[in-house]
Number of protein chains: 2
Amino acid sequence: MRDLARTREKILEAARAEFCAKGLAGARTAAIARRAGVNKRMLFYCFGSKEDLYYEILRRKSAESERFLESMPDRMSAALVQWDEKCREDVDWVRLLEWEALDLSAGPVVIQPARRRFFKAAVAKLRLAQEQGHLSDEPDIAHLFISLVAVTLFPYAFPQLARLITGMAPTDENFLAERTEFLRWLGDRLAPRGRPAARREGAAQRADGAGSGERRGPR
Amino acid sequence: MRDLARTREKILEAARAEFCAKGLAGARTAAIARRAGVNKRMLFYCFGSKEDLYYEILRRKSAESERFLESMPDRMSAALVQWDEKCREDVDWVRLLEWEALDLSAGPVVIQPARRRFFKAAVAKLRLAQEQGHLSDEPDIAHLFISLVAVTLFPYAFPQLARLITGMAPTDENFLAERTEFLRWLGDRLAPRGRPAARREGAAQRADGAGSGERRGPR
DNA sequence: TGATCAAATCACCAGACGGTTAATTAGCCC
DNA sequence: GGGCTAATTAACCGTCTGGTGATTTGATCA
């Protein structure tokens, strides 16, 4: 019945919910404790301060989302649909990213190396898809990646705008249907010009990629 | 020396800055008053409550941004570049949209009819561009519009992700140069298949989409 | 069983915060 | 000048909030 590890997890879960809903400033430690069914004192016993708990949540969530990219399909239309699904299923993650973005004081707190590696790998994967002819070889891959993330995150990050524009909430199933269709179209549009949509797994043959080999990568 | 209208405006300006930076929950009425060089009592004298003041700011900003679309170019590449510029110049607006998105209790408070009309007009304008052959006629226009807004807003709404992905802050002028080039490419990609990039019609024909003639100069 | 120590609880605090009461002062009309 | 109104200020209040010191309770082991 007495189990500190269990208590920590109950707090983390409750804190995640509360911080996702209200953010750092808006969240109340008392509310977290209540939600966790735990004495408020335990928050500070386990995590030191409200802020420390918050950044712990942020760190965990961003680490947790590292895995989701590993199974990214080569074909862009499929990848976009998959990302969209991920966002819809984990709106809390989107909201945490948003709180983090607005927290001007956050600084590089949550920018641990693992996160950098994650995005580097993502861009590399995309570049590979490009070399294999799944993607037009004209655009800057980093910016393409940002934009693809943007397109999939956006409706869940700004539901009020999605609703104003389409008249539907992004949770609406009609929205989902339309969105999926659109993302498929967009993904295929990003394929090289000659080829409407790159074949799956034809990996071998590179599309020669003439002059576009320059890696103008970040850093 | 005594001028209530002036006082109101000083408060509104200070409140805008404070709310953009900290959001509703994070902002402090005392800080707003200090920033405005005004007695704290005046906030409540003029606007009733912190919340009322906040939603007044939200309403004003969203009304203010109604105009910026009127001059939207037909050509998608030019439109994207212009929107990007708008976002970069008015990051506060982006941040307010973000705070609004996260405020679950906001409800339809700021969804006044004017805003609906604004987006309706935007979609209509885009649909017109589609009919005139500036845009592929396949995609759902509402979803295309969301996505274009997404692509232009995103780097300023999630600067931490932009930095993680490209290695640069979105305020960096190198970022601007790359981003502009990318947006031009993307815009042209949305043109109908046969036509790489639709002609401007009235204006003298641009140097088509070949990409190298663009003025990528910052500012 | 009883000593021990960590997990959990209780009661409380100092300061911050949104908001208000009441007094003061500046402009304005006569 | 003198009264009148409204803009402005000073001081204050009740409540909420993150955080803490002291205490109790339960498991573990000799």
Side-chain angles (χ1 to χ4, degrees), chain A residues 1-60 96 99-100 102-107 109-110, chain B residues 1-59 96 99-100 102-107 109:
Chain A
M1 189 180 270
R2 264 186 178 193
D3 183 349
L4 191 58
R6 175 91 193 104
T7 299
R8 278 182 60 101
E9 272 185 45
K10 283 196 290 184
I11 293 175
L12 282 169
E13 171 56 24
R16 192 194 50 78
E18 178 80 1
F19 284 130
C20 282
K22 315 268 190 75
L24 173 56
R28 301 292 157 221
T29 56
I32 296 174
R34 202 180 329 118
R35 221 192 266 246
V38 151
N39 191 286
K40 194 183 71 169
R41 188 66 175 80
M42 294 308 283
L43 297 201
F44 303 93
Y45 184 64
C46 292
F47 298 97
S49 75
K50 181 188 178 185
E51 248 189 46
D52 288 343
L53 178 55
Y54 176 67
Y55 289 117
E56 176 67 23
I57 300 280
L58 239 54
R59 240 174 281 124
R60 288 189 161 229
L96 278 177
W99 288 117
E100 182 194 10
L102 287 170
D103 181 5
L104 297 171
S105 73
V109 174
V110 202
Chain B
M1 191 180 270
R2 262 180 181 201
D3 183 350
L4 190 58
R6 175 93 192 102
T7 299
R8 278 181 63 99
E9 272 185 45
K10 284 196 292 183
I11 293 175
L12 281 169
E13 170 57 25
R16 192 194 49 80
E18 178 80 1
F19 284 130
C20 282
K22 318 267 189 74
L24 172 57
R28 299 297 156 216
T29 55
I32 295 174
R34 201 180 330 117
R35 219 193 266 247
V38 152
N39 190 285
K40 193 183 70 166
R41 186 62 177 86
M42 295 308 283
L43 297 202
F44 302 94
Y45 184 66
C46 293
F47 298 97
S49 76
K50 181 189 178 185
E51 247 189 48
D52 289 342
L53 178 55
Y54 176 68
Y55 288 118
E56 176 67 24
I57 300 280
L58 239 54
R59 242 174 281 126
L96 278 177
W99 288 118
E100 183 194 9
L102 287 170
D103 181 6
L104 296 171
S105 71
V109 174

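Chain identifiers are assigned alphabetically (A, B, ...) following the order of the sequence lines, protein sequences preceding nucleic acid strands; residue numbering begins at 1 within each chain.
Proximity of residues 29-49 of chain B to DNA chain D (heavy atom under 4.0 angstrom from any strand atom) is restricted to B:N39, B:R41, B:M42, B:Y45. Contacts between residues 7-25 of chain B and DNA chain C, defined by a heavy-atom separation below 4.0 Å, involve no residue at all.
A distance of 12.0 Å separates CG of A:D52 from CD1 of A:I57, quoted to the nearest 0.5 Å.
Contact of the A:L24 side chain with the A:W99 side chain is not registered, since no non-hydrogen atoms from C-beta on lie closer than 4.5 Å. Put simply, the side chain of A:D3 does not reach to within 4.5 Å of the side chain of A:T7, judged on heavy atoms. Annotation: side chain of B:T29 is in contact with side chain of B:F44 (closest heavy-atom distance under 4.5 Å). You'll find the side chain of A:N39 stays beyond 4.5 Å of the side chain of A:Y45, heavy atoms only. Using a 4.5 Å heavy-atom cutoff, the side chains of A:R59 and A:Y55 are in contact.
A salt bridge (charged side-chain N to carboxylate O under 4.0 Å, His left out) check over residues 35-46 of chain B, counting only residues at least two apart or in different chains, returns the pairs B:E18-B:R35.
Reading DNA chain D from its 5' end, the first and the last nucleotide to sit under 4.0 Å from a heavy atom of chain A are D:dT17 to D:dA27.
Checked against side-chain contact (heavy atoms from CB on, under 4.5 Å), B:R8 has the following partners two or more places apart in sequence or in another chain: B:C46, B:F47. Scanning for side chain to side chain donor-acceptor pair (under 3.5 Å) contacts around B:E51 gives an empty result, with sequence neighbours left out.
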- Evaluate salt bridge (Lys or Arg N to Asp or Glu O under 4.0 Å) for B:E13 paired with B:K10, printing each intermediate quantity in order. CA-CA 5 Å; B:E13 170 57 25; B:K10 284 196 292 183; over 6 Å; no
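Following rounding to the nearest Å, A:R28 (CZ) and C:dC17 (P) show an atom-to-atom distance of 11 Å.
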